[in-house]
Amino acid sequence: MPLESLKKAAIVGSGSMGHGIAELLAMTGYQVIMIDINDELLRNAKEKIKWSLDKFVEKKRIRSEDADATLARISATTSYEEACRDIDLAIEAVPERIDLKKRVFSTLDANSPPNAILASNTSTLSITEMAGATKRADKVAGMHFFNPPIMMALVEVIKGDNTNQDTLNTLTELAKKLGKTPIIVKKDVRGFIVNRVLLAVCMEAFWAYKRGEATKEEIDASVKYTGGFPMGWFELADFSGLDIDYEVVEVLYSTYGERFKPPEGVIEPLIKEKKLGQKTGAGFYDWSKGRPRIPFNLLDTYDVERSWAVGVNEAAWLIQDEAATPQDIDTGMKLGTYWPSGPCEYGDRTGLDSILNKLNELHKRYGMELYKPCPLLEEYVSKGWTGKKAGRGFYQ
Ligand SMILES: NC(=O)c1ccc[n+]([C@@H]2O[C@H](COP(=O)([O-])OP(=O)(O)OC[C@H]3O[C@@H](n4cnc5c(N)ncnc54)[C@H](O)[C@@H]3O)[C@@H](O)[C@H]2O)c1
């Protein structure tokens, strides 16, 4: 479907992500209909959109007429039949459970015009499985927005095993029209690009903490103040929600095995105590008085090169899997998580031989899959492709 034919979209699930995606599409001029399981949730979602639009007006980012017109483009219903009758696109944003998502895709398929594209905002689940619940697998893809969708510049567009190029092109163009930078996940791999690299790096920090090598404050201070990352890994885990992080880690562990094995007794006890991070006021840190204060004087107590080595290694795995290009990985990490550098450009700048040495040293010390160098990285170094100094690494 050419982008010009796309006029109306259904957003399925009007929670944290759904209402934001609805607002974004309506601001760009699309007719939007939100679907949820009861009217109160839909009323709340509309209230949140109105609050957000009022803020834009207050800050003089949009005119009040534009806010009114945006709201007028958004309707809501609990009926899939009513919502989907004349849509060109549906974006699903219901809770992260594959059984539920498959049910939703089957219902969307039964109620939408045959040429409508069906997309999922899943953080990590299989697009191919969702597509399998429909009779239009070629028109099913992932469209993964970051939170909050209205502000974050990145969208991962994910190809399922049977997604056709036309569908990918339309969603990529749509992301651009919404003012976002799309990156393409060329294969339906778990964690896609950003969550996969991020979780690998967090895993290294969680293991260092579990082994008693550094406290969470020491790791976070070094990551922020020496590494230049916007948040420490424990702070970030709290910010995203420990229940959500755990769900993603479980999927990565069951897919990739030992490389993503989480250390026992780090996250689960907090989840059991309902300390889920910022949203519950406590997680690794106390958030009751706002963002935790990470002491500056601890800035060199953890070796941030370990984070980089594991991040570069996971990027190499993505490239070896033919799931992403170095450019898209770097763009994803910079726009999706505000990393000061993409892992591929960092690796090329530092020297892929140094990264490989670091990984080998860590692998020898701990014997863990997490540190085992990706064969692609070993191959590059053996060919002399060590990065910028050699004129060839991940990049030419
Ligand atoms: N929250 C984030 O930071 C974030 C970021 C990126 C992607 N995601 C993904 O987005 C999706 C939604 O996450 P969220 O945080 O917005 O969840 P949420 O719990 O805030 O919202 C989910 C909404 O879906 C509704 N819902 C449940 N069953 C439904 C059904 N059968 N039909 C229609 N609506 C239904 C719920 O009532 C709720 O309003 C998940 O797949 C998640 O992994 C979340």
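Note: hydrogens, waters and symmetry copies are ignored here, and every other heavy atom, side chains too, is used. All ligand and atom numbering here is 1-based and tracks the order in the structure. Just so it is clear, the model here is predicted, and its values are computed rather than measured.
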I'd like to know whether ligand 1 has Glu247 as a neighbour, heavy-atom separation below 4.0 Å.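 No heavy atom of Glu247 comes that close to ligand 1.
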Return a yes/no value: protein heavy atom under 4.0 Å from atom 17 (O) of ligand 1?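 Not a single protein heavy atom is under 4.0 Å away.
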Between Trp339 and Phe229, how do the two ring planes meet: parallel, tilted or perpendicular, split at 30° and 60°?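 Correct class here is perpendicular.
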Do the rings of Phe239 and Trp287 sit parallel, tilted or perpendicular, given the 30° and 60° boundaries?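 Because their plane-to-plane angle lies in the 30° to 60° range, the rings of Phe239 and Trp287 count as tilted.
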Atoms in ligand 1 with a heavy atom of [X] nearer than 4.0 Å:
X: Ile37; answer: 28 (N), 29 (C), 30 (C), 35 (C), 37 (O)
X: Val12; answer: 33 (C)
X: Thr122; answer: 41 (O)
X: His144; answer: 6 (C), 7 (C)

From CA spacing to verdict: salt bridge (charged side-chain N to carboxylate O under 4.0 Å, His left out), Glu369, Lys261: CA-CA 9 Å; Glu369 287 290 308; Lys261 184 181 167 122; over 6 Å; no
Does [X] approach ligand 1 within less than 4.0 angstrom via side chain, backbone, both or neither, non-hydrogen atoms only?
X: Phe146; value: neither
X: Tyr80; value: side chain
X: Asn121; value: both

Considering only heavy atoms from C-beta outward, does the side chain of Tyr302 approach that of Asp220 to under 4.5 Å?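 Tyr302 does not reach Asp220 side chain to side chain.
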Using a strict cut-off of less than 4.0 Å between a Lys/Arg side-chain nitrogen and an Asp/Glu carboxylate oxygen, indicate whether Arg293 and Asp286 qualify as a salt bridge.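 Between Asp286 and Arg293 there is no salt bridge, as every charged N stays at least 4.0 Å from the carboxylate O atoms.
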Compute the shortest N/O to N/O distance between Lys101 and ligand 1 and return yes if it is under 3.5 Å, no if not.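 Lys101 vs ligand 1: N/O contact under 3.5 Å present.
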So, is the end of the Arg85 side chain (NZ or CZ) under 6.0 Å from the ring centre of Tyr80 and within 45° of the ring's axis?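 Judged by the rule (NZ or CZ under 6.0 Å from the ring centre, within 45° of its axis), Arg85 is not positioned above Tyr80.
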